[in-house]
Amino acid sequence: MNDKFPFVLPDLEYPYDSLEPYIDEKTVKIHHDKHFKKYVDNLNDLLKKNPSLQNFSLIEMLMFHNLINEDIRQDVINNAGGVYNHYLYFDLLSNDKDSIENYEIYNKILQEFGGFDKFYEELSEVALNTFGSGYAWLVIDKDNNFMIVSTKNQDTPLKDNLYPLLLIDVWEHAYYLKYQNKRDEYIDSFKNIINWKRVNDRYKKVNK
Ligand code: MN3
């Protein structure tokens, strides 16, 4: 996705129905074409009205939001965060059933969590207990440690110097049509549609 103003909604790289049966076609369509698009449009509108922000990249707006005027800071966090989080979310999904065991990140997961199931249990727990709207993340810190964290609304872990490897969107719009109040079932299904190649590429990029 382009890194600076004006931001453009990236096309979905897979058909809307390709995450079935884990995430239904209608949810993917509304989530990408309406929710994600709204954040892109809102961010562009905000930057149109505040040209000095147009020098910031998307990531800079999120990492260094203390540099942004207080009267628009929360709007920037919400909308730049909404763009960044949804970009990552759709980018890290696929239904080609690629196994994590094919990638280096698998050994790191075993080392850090003691097993894939333990890792996913911990991620699920954090996702399930994220109160209200937000995300559960697998992140890597500057010392190369893996951590699982939760963020609220459209906050990102970038402001805490944590680099995101994987995220689960637990806003109701991500799962409610199919799963209603059963967030736990959505989280459990989610493990079937993770694009481990892309997650691994993110890991390799920071683990040098
Ligand atoms: Mn969402």
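The figures that follow rest on heavy atoms only: side chains count, while hydrogens, waters and symmetry mates do not. Order of appearance sets the numbers: ligands from 1, and atoms from 1 within every ligand.
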Between [Y] and [X], does any NZ, NE, NH1 or NH2 come within less than 4.0 Å of an OD or OE carboxylate oxygen?
X: D45; Y: K48; result: yes
X: K197; Y: D201; result: yes
X: E13; Y: R198; result: yes
X: K37; Y: D33; result: no

_Ring geometry between F90 and F36 (parallel below 30°, tilted from 30 to 60°, perpendicular above 60°)_ =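 Rings of F36 and F90: parallel, under 30°.
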
Throw together a table of side-chain donor-acceptor distances under 3.5 angstrom for residues 117-124, partners on residues two or more places apart or in other chains.
from : atom 1 : to   : atom 2 : distance (Å)
Y120 : OH     : I187 : O      : 2.6
Y120 : OH     : K191 : N      : 3.1
S124 : OG     : Y120 : O      : 2.6

*Quick one: name the protein N/O/S atoms under 2.8 Å from the Mn ion (ligand 1), chain by chain.*
H31 NE2, H86 NE2, D169 OD2, H173 NE2

